[in-house]
Amino acid sequence: MEKQKLIAQGKAKSMYETDMAKTLLMEFRDDASAFDGKKISALNNKGKVNNQFNAFILNKLEEEGIETHFIKTISNNESLVKRLDMFPIECVVRNRATGSLCRRLGVEDGLILEPPLFEFFLKNDQLGDPLINENHILSFKWANQEEIDAMKSMTFKVNQILRQLFDQANLILVDYKLEFGKFENKILLGDEFTPDGCRLWDKDTLEKLDKDRFRQDLGDVIESYQEVANRLGIQINLD
Ligand code: ADP
Ligand code: CDP
């Protein structure tokens, strides 16, 4: 496999074409960002930890019947994925209120949401990833109804699978963001699932073990991601 042209350099990952058709190399870098790129930093080992964390979770989701773009890891901080035509949309499920939901609606931090709350956001840093609804998606033709329904039902199914997985590791899956894309007319889960894109609280102490440690300057960011990995039984190789 040959790494070829860089096609996208995001805030945390770089996507390269390869000599294999419809296959991208996804490189997890050590860069961390928050607040739509306004706060940036480099965190040692973040790329390696997140690549291996993501591989474990996406494999788990595949085992449970969620189709994803993930093919395999090829180094400690790189994986091969199917090249998707991404929807410019972020799908968020919340089991507890925190973050932007509390700022927007003034609700109590940590409030349990039953049923879990689903929200769509537009993926657009310049606009601060605004909250949107299905009507925006349909009118601006970002996706059709069938695609919306598929993204929503896959995002909820991920909740069922991962809530249980994290619960067994004494963690609360507070909320998370997923991105989807199309591959040969099928909708696949793309991008990543790591502590960068979800919130995980210790069940007993409610200690934050996710990117809020970076957002809120709590320290030990990558150590906390590794703690989560340890509890899930993920062996992280930092060579
Ligand atoms: P951001 O765009 O939020 O800064 P990243 O640094 O994570 O994010 O960059 C990864 C980029 O690659 C994102 O724009 C994401 O939507 C896109 N992407 C993720 N998976 C795939 C895929 N399988 N095919 C094509 N693009 C993808
Ligand atoms: O992070 P913030 O408080 O601004 O946003 P949120 O809407 O409360 O985020 C909900 C969940 O989606 C959190 O787990 C975020 O980490 C994740 N998210 C993300 O990964 N990328 C974004 N652009 C926005 C949210």
Side-chain angles (χ1 to χ4, degrees), residues 7-8 10-13 15 21-24 26 36-37 54 57-71 79-105 107 111-166 173-194 196-199:
I7 59 152
K11 296 184 293 297
K13 303 194 289 302
M15 312 295 284
K22 300 179 185 174
T23 304
L24 296 179
M26 181 162 78
D36 303 309
N54 181 60
I57 298 288
L58 266 55
N59 268 326
K60 175 79 188 164
L61 293 175
E62 286 276 358
E63 276 169 29
E64 301 288 336
I66 302 277
E67 290 193 87
T68 80
H69 68 157
F70 184 74
I71 302 173
S79 291
L80 291 183
V81 298
K82 291 175 181 150
R83 183 177 194 156
L84 307 184
D85 189 7
M86 299 299 289
F87 295 103
I89 290 167
E90 301 185 335
C91 297
V92 168
V93 161
R94 303 174 185 274
N95 295 307
R96 295 218 188 196
T98 195
S100 76
L101 180 64
C102 292
R103 294 195 293 275
R104 195 174 346 117
L105 299 181
V107 293
L111 184 75
I112 293 171
L113 300 170
E114 187 48 54
L117 178 64
F118 184 97
E119 294 178 330
F120 283 117
F121 293 87
L122 179 65
K123 195 170 156 59
N124 185 323
D125 279 340
Q126 271 129 32
L127 300 178
D129 293 343
L131 179 75
I132 53 171
N133 65 33
E134 293 194 15
N135 296 88
H136 296 95
I137 298 176
L138 291 172
S139 295
F140 294 110
K141 300 194 168 28
W142 291 320
N144 64 33
Q145 189 65 55
E146 200 187 331
E147 292 163 343
I148 290 172
D149 294 344
M151 286 190 272
K152 266 184 95 163
S153 84
M154 287 168 83
T155 305
F156 274 123
K157 189 163 177 206
V158 166
N159 200 35
Q160 277 176 6
I161 301 163
L162 295 187
R163 259 174 95 151
Q164 207 184 341
L165 182 84
F166 287 116
L173 176 59
V174 171
D175 60 22
Y176 58 92
K177 180 267 300 179
L178 301 180
E179 293 181 28
F180 294 88
K182 282 185 95 165
F183 183 81
E184 295 169 351
N185 253 7
K186 269 203 289 200
I187 294 182
L188 304 187
L189 174 61
D191 207 48
E192 67 178 84
F193 193 105
T194 69
D196 266 3
C198 70
R199 289 191 171 100

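Counting begins at 1 with the first residue of the sequence.
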Please confirm whether the backbone N or O of [Y] pairs with a side-chain atom of [X], one donor and one acceptor, at under 3.5 Å?
| X | Y | answer |
| --- | --- | --- |
| D129 | N124 | yes |
| K157 | E64 | yes |
| T23 | A21 | yes |
| H69 | R83 | no |

From [X] atom [atom1] to [Y] atom [atom2], the distance as rounded to the nearest 0.5 Å:
| X | Y | atom1 | atom2 | value |
| --- | --- | --- | --- | --- |
| E146 | I187 | CD | CD1 | 7.0 Å |
| L162 | F193 | CG | CZ | 5.0 Å |
| L138 | I148 | CG | CD1 | 4.0 Å |
| T68 | F180 | OG1 | CZ | 10.5 Å |
| L173 | Q160 | CG | CD | 12.5 Å |
| L111 | R94 | CG | CZ | 12.0 Å |

Heavy atoms, side chains only, cut-off 4.5 Å: are [X] and [Y] in contact?
| X | Y | value |
| --- | --- | --- |
| H136 | L122 | no |
| D125 | K11 | yes |
| N133 | F120 | no |

Inset, instruction - Verify side chain to side chain contact (heavy atoms under 4.5 Å, CB included) between K123 and M86, making sure each step is shown before the conclusion. - result: CA-CA 10 Å; K123 195 170 156 59; M86 299 299 289; over 6 Å; no
Provide the closest heavy-atom pair for [X] versus [Y] in the form atom of the first, atom of the second, distance.
| X | Y | result |
| --- | --- | --- |
| W142 | F87 | O-CD2, 3.3 Å |
| V81 | F70 | CG1-CA, 4.2 Å |
| L189 | E179 | CD1-O, 3.5 Å |
| M151 | I89 | CE-CD1, 4.3 Å |
| N54 | E192 | OD1-CA, 3.1 Å |
| L113 | R96 | CD1-C, 3.6 Å |

Inset, instruction - Kindly confirm or rule out a cation-pi arrangement of K152 over F118, judged by NZ or CZ under 6.0 Å from the six-membered ring centre and within 45° of its axis? - result: yes
Inset, instruction - Quick one: list whatever passes side-chain hydrogen bond (donor to acceptor under 3.5 Å, both in side chains) with N95, sequence neighbours left out. - result: N159, R163
Inset, instruction - Tell me, with the steps shown, if E67 and K82 meet salt bridge (charged side-chain N to carboxylate O under 4.0 Å, His left out). - result: CA-CA 11 Å; E67 290 193 87; K82 291 175 181 150; over 6 Å; no
Legend entry - Donor-acceptor pair between D149 and Q145 side chains, under 3.5 angstrom: yes
Inset, instruction - May I ask you to decide whether D175 forms a salt bridge with R199, counting only side-chain N to carboxylate O separations under 4.0 Å? - result: yes
